[in-house]
Amino acid sequence: MGLIETSRSQNTTPSTDLLTLSEIVESGLCIGCGLCRSIAGAGQVEMVMTPEGRERPVARHALDKPTLAKINAVCPGTRIAGPPPAQMNAAALADAVWGPVERLVLGSAGDPRVRFVGSGGGTLTALGQFLLDTGRVKFVLHVAASRSMPMRTERKLSFDAASVLEGAGSRYGPAATLVDFSDILDRGEPFALIAKPCDITAVRNLARLDRRVDEHMRYALAFVCGGASDLTKSEQVLQRFGLSEDELALFRYRGYGNPGPNRIETKDGRAFEISYRQLWEDEDKWMIQPRCKICPDAIGQVADIAVSDSWLNGGPAVEDEPLNGIIVRTKRGLELFDAAVEAGVLEIERESGIAEISELQSHQVRKRRAVWARLTGMAIAGKPVPFVGDLALRDCASQNSLAENLAEGRGARDRARRGRLGEPPAVPRSVGGTVLADGCP
Ligand SMILES: Cc1cc2nc3c(=O)[nH]c(=O)nc-3n(C[C@H](O)[C@H](O)[C@H](O)COP(=O)(O)OP(=O)(O)OC[C@H]3O[C@@H](n4cnc5c(N)ncnc54)[C@H](O)[C@@H]3O)c2cc1C
Ligand code: SF4
Ligand code: SF4
């Protein structure tokens, strides 16, 4: 199954090509967003935390064909569509790698507290708060640390500015943002989504089938995303300090500075910190999920506004001034951005451009150029690949030399043949022989 680049009009899934949930997972295409669980219903599909530390869907019994067809049509592992070509054509700036851009600046939240608490410069939090304060939306759908198990991440609905701030910061582990998205649409109220680009891809896919998405979801805001880690990445940090998960009162990856420390607090009052650099010093231990390695849109082309870090070469010097790259992508995003600047909710440090963002996010540029060859390599190995449309993957690949594309493609083909791009079947973790669902040890 799968096509590596289609136009929007070709963008349909033949029913003979339907993948089952376990095929999606085992092909390494699932990112654990939870939308399939929301579509099929909790009685049919449950999300489990696997031994690898990934949230994955498991069907309680074989799903009927219409349900499976809908899941294949919306899953961000099986279908990844970029912005409509008209948006690209009409954009103030359009770039093969970076997609449509209405405005590109370096900036941050105007409120010093939001700037400090936020992951980089607090831009996404400030925008979420502004949307609520001005009555543009009733609530914001995003994620936050679980209160009962603070190393885990849960979807969060925020109805006021204080609640949006509680969800500030990057959550690098698994996050099933869309696990009850159907219930959210059932509320029939205007809302904004702040999430990973793949979460927004999933919701945009659903919008083709369910008109309530465009009716109620007024804004989709993304962060530029280098990949989500397995929970085992976070568990390694606990091991470093000899801690167990049930001792935790806080597990913050970053924020409270830019980037701020990875901070852990225990219920009995102890505190531990490592720096962002220490957290990510060993690339072999990043434990990035397989879907991320072939992500065609980690830069949020499908969002109204995408927000990035703004560190040279992808990493902070030590503690940097609070600052984000802000990529305004749509007219709707531009109207929101202008209003937020006018209200002092966002501050612009200076204009930026494609050349600068490419330097600040060089890893994203490399990935955009590599994905077409990687997906082609997987397809040659006979593995399922997603339907991808309107993301200029071939144009990005053409910025590589033939030798680079061949190396990427052959590497992916060989890894796929060895099963290294796939995943084991999703099973829940077990403790002491007891099988546990929903990631609750
Ligand atoms: C998995 C991951 C990978 C990242 N990779 C990159 C990268 O390659 N390049 C880069 O520039 N920056 C990356 N970031 C950091 C991200 O860019 C910053 O969060 C972003 O710059 C926004 O900063 P901010 O200060 O506006 O965020 P904040 O104001 O702190 O707001 C962050 C918002 O994102 C939501 N959120 C956090 N984690 C998740 C999650 N896992 N799933 C869904 N929603 C979430 C929060 O609920 C919050 O509303 C990554 C973050 C994450 C979580
Ligand atoms: S990516 Fe989302 S929709 Fe697709 S299988 Fe995984 S959890 Fe389900
Ligand atoms: S890299 Fe892509 S697939 Fe992975 S979490 Fe980020 S947006 Fe989702």
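Atoms within a ligand are numbered from 1 in the order they appear, just like the ligands themselves. Just so you know, these numbers come straight off a predicted model, no measurement behind them.
At a 3.5 angstrom cut-off on N or O pairs, Ala228 does not count as close to ligand 1. Any N or O atom pair closer than 3.5 Å counts here, and Gly173 shares no such pair with ligand 1. For ligand 1, the polar-atom distance check against Ala195 finds no nitrogen or oxygen pair separated by under 3.5 Å. When only interatomic distances are considered, the shortest N/O to N/O separation between Gly167 and ligand 1 falls below 3.5 Å. The shortest N/O to N/O separation between Tyr172 and ligand 1 does not fall below 3.5 Å. Looking at ligand 1, you'll find an N or O of Gln364 within less than 3.5 Å of one of its N or O atoms. Of the polar atoms of Gly118, none of the N or O atoms is found under 3.5 Å from an N or O of ligand 1, judged by distance alone.
With respect to atom 14 (N) of ligand 1, the closest heavy atom belonging to the protein is Val224 O, 3.4 Å. Residue, atom and distance of the protein heavy atom nearest to atom 41 (N) of ligand 1 are Arg171 O, 2.7 Å. The closest protein non-hydrogen atom to atom 4 (C) of ligand 1 is Gly226 N, 3.4 Å. Annotation: atom 2 (Fe) of ligand 3 to nearest protein heavy atom, Cys295 SG, 2.3 Å. Protein heavy atom closest to atom 6 (Fe) of ligand 3, with residue, atom name and distance, is Cys225 SG, 2.3 Å. Of all protein heavy atoms, the one closest to atom 7 (S) of ligand 3 is Cys198 N, 3.4 Å. For atom 19 (O) of ligand 1, the nearest non-hydrogen atom of the protein is Ser170 OG, 3.0 Å. The protein non-hydrogen atom at the shortest distance from atom 52 (C) of ligand 1 is Phe223 CE1, 3.3 Å. The closest protein non-hydrogen atom to atom 4 (Fe) of ligand 3 is Cys292 SG, 2.3 Å. Annotation: atom 22 (C) of ligand 1 to nearest protein heavy atom, Leu124 CD1, 3.7 Å. Scanning the protein heavy atoms around atom 27 (O) of ligand 1, the nearest turns out to be Ser119 CB, 3.6 Å. The nearest heavy-atom contact from the protein to atom 23 (O) of ligand 1 is Asn324 ND2, 3.2 Å. Protein heavy atom at the shortest distance from atom 3 (S) of ligand 3 is Arg291 NH1, 3.3 Å.
Atoms CD and CG, from Glu235 and Asp230 in turn, are 9.5 Å apart once rounded to the nearest 0.5 Å. Taking NZ of Lys383 as the reference point, atom CD of Glu26 lies at 10.5 Å (rounded to 0.5 Å). Atoms CG and CD, from Asn72 and Glu23 in turn, are 9.0 Å apart once rounded to the nearest 0.5 Å.
Set against the non-hydrogen atoms of Ala168, the atoms of ligand 1 under 4.0 Å away are 30 (O). Atoms of ligand 3 lying under 4.0 Å from at least one heavy atom of Lys196, given by number and element, are 5 (S). Which parts of ligand 1 touch Thr177 is read off a 4.0 Å heavy-atom cut-off, strictly below it: atoms 43 (C). Taking a cut-off of under 4.0 Å to the non-hydrogen atoms of His363, the atoms of ligand 1 that pass are 7 (C), 8 (O), 9 (N). Heavy-atom contacts of Gly121 reach the following atoms of ligand 1: 25 (O) (cutoff under 4.0 Å). Every atom of ligand 1 is numbered from 1 in the order shown, and the set under 4.0 Å from a heavy atom of Thr123 is 24 (P), 25 (O), 26 (O). Near Gly120, with a cut-off below 4.0 Å to any heavy atom, the atoms of ligand 1 are 23 (O), 24 (P), 25 (O). Each of the atoms 5 (S) of ligand 3 lies under 4.0 Å from some heavy atom of Ala228. Set against the non-hydrogen atoms of Thr125, the atoms of ligand 1 under 4.0 Å away are 28 (P), 29 (O), 30 (O), 31 (O).
For the residue pair Arg60 / Gln44, no side-chain donor-acceptor distance below 3.5 Å is found, with atom types taken as modelled. When only modelled atom types and interatomic distance are considered, Arg171 and Thr153 share a side-chain donor-acceptor pair under 3.5 Å. Checked by atom type, the side-chain pair Asn400/Asn405 shows a donor-acceptor distance below 3.5 Å. Using modelled atom types, one finds a donor on one side chain and an acceptor on the other under 3.5 Å when comparing Thr67 with Asp64. Donor-acceptor pairing under 3.5 Å is recorded for the side chains of Tyr219 and Arg136. For Thr177 and Asp199, the side-chain atoms include at least one donor-acceptor pair closer than 3.5 Å.
Legend: protein N/O/S atoms lying under 2.8 Å from atom 6 (Fe) of ligand 2, waters omitted, number 1.
Between Asp210 and Arg212, at least one side-chain N (NZ, or NE/NH1/NH2) sits under 4.0 Å from a carboxylate O, which counts as a salt bridge. Arg155 and Asp180 are joined by a salt bridge, as a carboxylate oxygen and a charged side-chain nitrogen come within less than 4.0 angstrom of each other. Comment: Arg56 does not engage Glu46 in a salt bridge, judged by the lack of any side-chain N to carboxylate O separation of less than 4.0 angstrom.
With distances taken over non-hydrogen atoms, the option nearest atom 33 (C) of ligand 1 out of Ile288, Ile194, Val307, Asp309 is Ile194. Nearest to atom 49 (O) of ligand 1 by heavy atom, out of His142, Arg155, Gln361, Arg115, is His142.
Using a 4.0 Å cut-off between heavy atoms, Ala175 contacts ligand 1 through its side chain alone, with no backbone atom that close. With a heavy-atom cut-off of 4.0 Å, Arg254 touches ligand 1 through its side chain alone.
The shortest heavy-atom distance from Gly227 to ligand 1 is under 4.0 Å. Every heavy atom of Gly255 sits 4.0 Å or more from the atoms of ligand 1.
Note that Arg252 lies in the cation-pi zone of Tyr256, set by a 6.0 Å cut-off to the ring centre and a 45° limit from the axis. Judged by the 6.0 Å distance and 45° axis criteria, Lys285 is not positioned over the aromatic ring of Trp280. For the pair Arg263 and Tyr253, the cation does not sit on the ring face, since its NZ or CZ is not both under 6.0 Å from the ring centre and inside 45° of the axis.
In this structure the side chain of Arg103 reaches within 4.5 angstrom of the side chain of Glu351, judged on heavy atoms. Looking at Gln364 and Cys295, their side chains never come closer than 4.5 Å, going by heavy atoms from C-beta outward. Within the 4.5 Å cutoff, side-chain heavy atoms of Glu245 are placed close to those of Met149. Residues Arg368 and Ile299 are in side-chain contact: their nearest non-hydrogen atoms beyond the backbone lie under 4.5 Å apart. Proximity of Arg187 to His216: side-chain heavy atoms (C-beta onward) are nowhere separated by under 4.5 Å.
Ile327 pairs in a side chain to side chain contact (heavy atoms under 4.5 Å, CB included) with only one of the listed residues (Val105, Val307, Val224), which is Val224.
No close placement of the Tyr172 and Trp286 rings is indicated, their centers lying 6.0 Å or farther apart.
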